[in-house]
Amino acid sequence: MMLDATECFADIASMKSVNSILFSAYKHKSTLKWIVGCDGIGTTWDESISDAYPGSISDPMLTAVTKILDQIPFGFAVEVDKGFLIENECALQGII
């Protein structure tokens with residue numbers, strides 16, 4: 001499975017507490033974030049697209065919270081971008 005997180009801009013919330021949760025330091029805007037997985041030929045399916053999370057969540061935390069790695073069979077591999085540090089979560093699932 002290939003994994004990547006994607007973000008979409010969101011309206012600025014009128015409540016500062018909500019806006020601080022949605023704010024992405026990387027994008028410098030309020031965002032919503034999803035993690036998406038696809039197979040080797042680029043096919044996605046319902047369970048490979050997570051629910052939306054606040055833009056302030058990190059990619060490794062998003063991976064852990066969504067439990068998307070549970071869909072990968074033991075001994076298989078996951079491919080991610082450089083800097084998407086999920087080796088510890090993968091080791092717990094028995095995947096590379």
Side-chain angles (χ1 to χ4, degrees):
M1 178 184 284
M2 291 175 260
L3 287 179
D4 201 4
T6 186
E7 290 182 83
C8 173
F9 294 121
D11 289 336
I12 297 173
S14 59
M15 293 178 59
K16 289 186 180 202
S17 59
V18 173
N19 196 45
S20 68
I21 294 171
L22 294 177
F23 187 78
S24 168
Y26 177 73
K27 300 280 185 178
H28 303 291
K29 300 216 183 269
S30 293
T31 63
L32 294 171
K33 187 182 267 191
W34 291 263
I35 191 162
V36 180
C38 68
D39 61 18
I41 60 172
T43 305
T44 60
W45 56 98
D46 288 343
E47 294 82 20
S48 71
I49 303 170
S50 74
D51 291 333
Y53 285 82
S56 60
I57 193 168
S58 68
D59 293 349
M61 182 61 69
L62 183 60
T63 303
V65 169
T66 60
K67 302 199 182 294
I68 197 162
L69 296 179
D70 291 347
Q71 298 179 36
I72 303 170
F74 183 86
F76 278 56
V78 63
E79 184 175 333
V80 295
D81 291 338
K82 181 180 178 182
F84 199 121
L85 306 174
I86 58 170
E87 291 88 4
N88 292 339
E89 291 84 6
C90 289
L92 291 173
Q93 297 286 339
I95 56 179
I96 301 169

ILVMFWY cluster, Leu3 and Ile57 together (side-chain gap under 4.5 Å): yes
Side chain Ser56, main chain Ile21, donor-acceptor under 3.5 Å: yes
Name each donor-acceptor pair under 3.5 Å that joins a side chain in residues 63-85 to protein atoms two or more places apart or in another chain, with its distance.
| from | atom 1 | to | atom 2 | distance (Å) |
| --- | --- | --- | --- | --- |
| Thr63 | OG1 | Asp59 | O | 2.9 |
| Thr66 | OG1 | Leu62 | O | 2.9 |
| Thr66 | OG1 | Thr63 | O | 3.3 |
| Asp70 | OD1 | Gln93 | NE2 | 2.9 |
| Gln71 | OE1 | Trp45 | NE1 | 3.2 |
| Gln71 | NE2 | Glu47 | O | 2.5 |

Nearest heavy-atom neighbours spanning Asn19 and Ala13: OD1-N, 3.6 Å
Min side-chain heavy-atom separation Cys38-Thr43 under 4.5 Å: no
Linked, directly or transitively: Ile86 and Ile35 (ILVMFWY side chains, under 4.5 Å): yes
Co-membership, hydrophobic cluster, residues Tyr53 and Met61, 4.5 Å side-chain: yes
Gap between atom NZ of Lys29 and atom CG of Leu22 - 0.5 Å precision: 14.0 Å
Lys33 vs Ser24 side-chain heavy atoms within contact, under 4.5 Å: no
Met2 with Trp34, same ILVMFWY side-chain cluster at under 4.5 Å: no
Within one Ile-Leu-Val-Met-Phe-Trp-Tyr cluster: Val18 and Leu32, side-chain cutoff 4.5 Å: yes
